[in-house]
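Heads up, the thing below is written out as structure tokens.
Counting starts at 1 for both ligands and their atoms, in listed order. Bear in mind the structure is a predicted one, so any value in this text is a computation, not a measurement.
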Amino acid sequence: MKVLVATEKPFAKTAVDGIRNIVEKAGMQLALLENYTEKAQLLQAVADADALIVRSDKVTREVVEAAKNLKIVVRAGSGYDNLDLEACTEKQVVAMNTPGQNANAVAELAIGMMIYMARNQFQPGTGTELRGKTLGVHAYGDIGRLVAGLATGLGMKVCVYHHRFKGSELQTDTITGVDSPEELYKVSDYLSLHVPARPQSIGSIGKSLLSLLPKGACIINTSRKEIMNEQELEEILAERTDLKYASDVAPNNQAILEEKFGSRVYATPKKMGAQTKEANVNAGFAAARQIVAFLKEGDRTFQLNK
Ligand code: 3PG
């Protein structure tokens with residue numbers, strides 16, 4: 001059995017070594033395609049793979065169809081908007097993710113980006129502190145929960161919203177749960193987005209919500225650029241000169257945003273939320289173990305296309 005790790009943005013070496021160890025101990029063979037730049041390279045590499053580990057790499061219908069022996073694909077990470085689940089199901093390929101395994105890295109980056117924006121992107125001048133400010137967490141999954149915990153430790157007030165829960169169900173001694181995104185946005189000096197990219201959430205964060213934010217608020221997006229309505233973001237940043245936006249990976253209109261709004265906007269050059277050695281090890285090892293467990297024992301825990 002051949003397990004292919006195809007990563008346009010490679011894992012840390014220790015993660016790759018560990019993945020190899022897990023795969024080879026199970027009597028399987030590991031193949032690596034790292035730093036590839038062309039889709040054709042991926043199409044060629046998957047041709048004889050029985051299992052595939054990817055990160056944000058796009059596993060399209062074309063890829064699934066090119067992988068004639070493919071039985072399982074694991075997205076080493078949480079968001080699976082890069083997998084064509086329908087194509088996987090049609091071709092009887094099991095698709096999985098590794099939820100929570102890289103969450104801490106993303107949560108730490110979200111807090112780091114808040115501090116970076118509060119301190120004027122480390123440029124000279126007087127900044128502000130996070131202590132005493134209100135953090136709004138939009139979507140309270142693995143990452144949202146970690147961000148909330150870290151923010152509490154920093155002395156922030158934390159307010160959370162999740163579409164599947166009532167506010168009262170999320171309420172704790174240190175966390176205020178709210179019933180609607182509107183309630184959340186109204187109180188959030190910092191708004192941290194953890195909404196996955198799904199058909200219903202693409203472009204869902206726009207002017208109607210962003211205009212509710214308090215004066216001087218800062219939006220931190222470490223989820224997906226696609227959930228933001230970029231045109232409306234541009235409009236609200238023009239209308240509300242007090243707002244700031246920081247994003248892990250540039251929106252499509254980043255050049256325009258920078259030109260118009262300068263240091264009120266910031267974007268990482270390449271998605272880096274999960275880019276830590278620890279997250280690579282956690283997510284990479286989990287992916288390899290899930291593949292071995294599926295191929296050897298038929299274990300379908302974490303299957304997405306049921
Ligand atoms: C995820 O959904 O797990 C994160 O966005 C990480 O993506 P990456 O593996 O491409 O860094």
Less than 3.5 Å apart, which donor and acceptor atoms pair up between the side chains of residues 1-8 and the rest of the protein, not counting sequence neighbours?
from, atom 1, to, atom 2, distance (Å)
K2, NZ, D48, OD1, 3.1
K2, NZ, D48, OD2, 3.1
E8, OE2, K270, NZ, 2.7

Taking NZ, NE, NH1 and NH2 as the nitrogens, is one of them in E230 or K225 under 4.0 Å from a carboxylate oxygen of the other? no
Can N305 and Q303 be counted as having a side-chain donor-acceptor contact under 3.5 angstrom? yes
Passing option when K260 is tested against E234, E239, E235 for salt bridge (charged side-chain N to carboxylate O under 4.0 Å, His left out): E234
Applying a heavy-atom distance cut-off of 4.0 Å, which protein residues contact ligand 1? K9, R55, S56, R75, G77, S78, G79, N102, R224, K271, A274
Just to verify, what does R289 make a salt bridge (Lys or Arg N to Asp or Glu O under 4.0 Å) with, not counting sequence neighbours? none
For residues 141-149, run the donor-acceptor check on the side chains, cut-off 3.5 Å, and write out each pair with its distance to 0.1 Å, sequence neighbours left out.
from, atom 1, to, atom 2, distance (Å)
D142, OD2, G100, N, 3.4
R145, NE, Y140, O, 3.3

